[in-house]
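Shown next, in structure tokens, is the structure this report addresses.
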Amino acid sequence: MSETSRSLSAVVKVGIVLVVLAAAGVTAWVAFRTPAIVATVIRDKAVDAVPGSVVVHADGDIKELKTETGGRVESCEPLKEGGTFKKGEELLRLDMRELQRQIDEADRNHDAQLERLKVEKQNDVRIKVGQQKLDEVKRQFDFKHLSQTELEAAQREFERLQTTIALEDFDAKKREEDYQAAKKSFDLQKEKMVVKAPEDGTVKEVFAWPGALINGGTVVATMYSNARLVIAKISEEDFAKVKVGQAARVRLLIYPNDEFDAKVAKILPAADENTQRYTVYLEIPPAQLAPEKLRPFSTGEVTITVASRENQPLIPRRALLPDDAVLVVKNDRVEKRKIKIGFKSLNLVEALAGVAPGEQVIVEDVDQFRDGQHVRAEVAPQ
């Protein structure tokens, strides 16, 4: 091999080595650039949504079940923690044996008085005899055998007899009325010795058991209604945007992977004096979430849609910097751009100017990047 050929071969080898080293350097430079997690600007419906916190309440929250009168508990089988009941169902009954004894005694006395009165009426000849006496006095008066004074005395005696019998009838009627009033009183006492369910509900805690001796007004159990209220709290600055009937999306912590359609059912006009947040009642259709699955005091969040625009550029809300700017990655270099913000929803922001659909914006650790920095873009998972 000539000297020239050997020189040329050496140059080629050196060139190859340099190319390899350059490629390795470029690869290393690219590999070691800071990775930036990006998301693509999309075009879709822009939604202006009011955020809020949500708490599910049982209607009236925790309620107490009390007895109206005292006594010994005879039965309370339906009162079991977590047990459910229907409106009007008997939940607890006190021992009524003593009361029933008094009722039976009152019935016996009443029946005896009625029987006695019946017998007396059948055999009462006082009016008949008194009338005969008066007629005889009148006859004697007509024959001039008796004086006017004697006639008048006989008439007064007959009137006194009539008054006496009328008063006896009045007393009998009064006794009957007293008996009927006593029956109503006994019935009312019996009602008070039974605790009935005021509405459909579920038992929370139980404080009574068969044989327990309790006083009137004692709390025998606590319950919560099966009716549910989904209550949202929204900020003062968003209150004016919210209207009854607007659509909403609810996410509850007990169902972290699900969202439920809802709508605004009622708005209270006054803010909480401590938090200055307004109360909004939401309605979740049973087809979305059955009422029994709405656990009392569960919490979550809501977004209420107050306006929308179709076919608008959208970026993830987490891409926003505090000064309403975003970091766009273009040709592996960071560009900080001011954007014009339109509608905001829980996760997305409408970009009226500053970015275009298809461009990529940094969505994680946005405060760690600077304008002009070389980065390696990595698309965030959906």
Side-chain angles (χ1 to χ4, degrees), residues 7-52 235 237-238 241 247-249 251 256-259 301-382:
S7 298
L8 183 60
S9 177
V11 170
V12 171
K13 290 180 181 179
V14 170
I16 293 173
V17 170
L18 290 175
V19 169
V20 171
L21 290 175
V26 170
T27 302
W29 180 72
V30 171
F32 286 102
R33 277 181 299 173
T34 304
I37 308 301
V38 299
T40 302
V41 180
I42 63 172
R43 187 177 287 278
D44 205 338
K45 179 192 285 188
V47 173
D48 188 11
V50 169
S235 64
E237 60 267 23
D238 292 326
K241 300 179 184 178
R249 294 285 286 174
R251 182 186 293 119
N257 299 320
D258 298 318
E259 287 189 352
E301 57 188 11
V302 63
T303 53
I304 302 170
T305 301
V306 297
S308 64
R309 281 193 286 260
E310 296 289 344
N311 198 29
Q312 297 298 313
L314 302 177
I315 63 171
R317 192 162 182 163
R318 56 196 175 128
L320 275 180
L321 291 168
D323 57 353
D324 291 344
V326 294
L327 299 176
V328 179
V329 176
K330 189 172 184 179
N331 298 324
D332 296 329
R333 187 183 295 272
V334 175
E335 293 182 11
K336 183 176 181 180
R337 296 185 195 170
K338 272 287 216 184
I339 66 168
K340 183 178 179 182
I341 295 176
F343 290 161
K344 290 182 179 180
S345 65
L346 184 63
N347 299 317
L348 297 173
V349 176
E350 179 187 20
L352 298 176
V355 293
E359 291 189 306
Q360 294 180 325
V361 293
I362 298 177
V363 293
E364 290 188 11
D365 300 322
V366 293
D367 57 336
Q368 303 298 315
F369 298 91
R370 67 183 185 277
D371 190 29
Q373 181 177 353
H374 288 280
V375 294
R376 185 179 74 256
E378 295 181 2
V379 178
Q382 292 292 331

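Scope of the values below: all heavy atoms of this structure, side chains included, with no hydrogens, waters or symmetry mates. Index from 1, following the sequence.
Contacts of D238 classified as side chain to side chain donor-acceptor pair (under 3.5 Å), with partners at least two apart in sequence or in another chain: S235. Listed by chain and number, the residues in a side chain to side chain contact (heavy atoms under 4.5 Å, CB included) with K340 are L352, A353 (sequence neighbours excluded). For the side chain to side chain donor-acceptor pair (under 3.5 Å) test, no residue two or more places apart in sequence or in another chain qualifies with E364. Considering only residues two or more places apart in sequence or on other chains, D258 meets the side chain to side chain donor-acceptor pair (under 3.5 Å) condition with none of them. Every residue meeting the side chain to side chain contact (heavy atoms under 4.5 Å, CB included) condition with R333, not counting sequence neighbours, appears here in chain and number order: H374.
Between the R43 side chain and the N311 main chain, a donor and an acceptor come within less than 3.5 Å of each other. Listed for the K338 side chain is a donor-acceptor partner under 3.5 Å among the backbone atoms of D323.
Considering every non-hydrogen atom in both V38 and V363, the closest pair reads C-CG2, 4.2 Å. Summarising the geometry of K336 relative to A325, their closest heavy-atom pair is CE-CB, 3.9 Å, with the distance given to 0.1 Å. Here the closest heavy-atom approach between residue V41 and residue P313 is recorded as CG1-CB, 4.3 Å. Listed here is the closest heavy atom pair of I362 and V366: O-CG1, 3.3 Å.
Environment of CG in D367: crowded, with over 12 heavy atoms of neighbouring residues, nucleotides or ligands closer than 6.0 Å.
Pairs engaging residues 303-316 under the salt bridge (Lys or Arg N to Asp or Glu O under 4.0 Å) rule: K45-E310, R309-E350 [sequence neighbours left out].
Contact check for V361 versus P316: side-chain heavy atoms found under the 4.5 Å cut-off. Put simply, the side chain of I37 reaches to within 4.5 Å of the side chain of E378, judged on heavy atoms.
Rounded to the nearest 0.5 angstrom, T34 OG1 and Q368 CD are separated by 10.0 Å. Atom OG1 of residue T305 and atom CZ of residue F343 lie 10.5 Å apart, to the nearest 0.5 angstrom.
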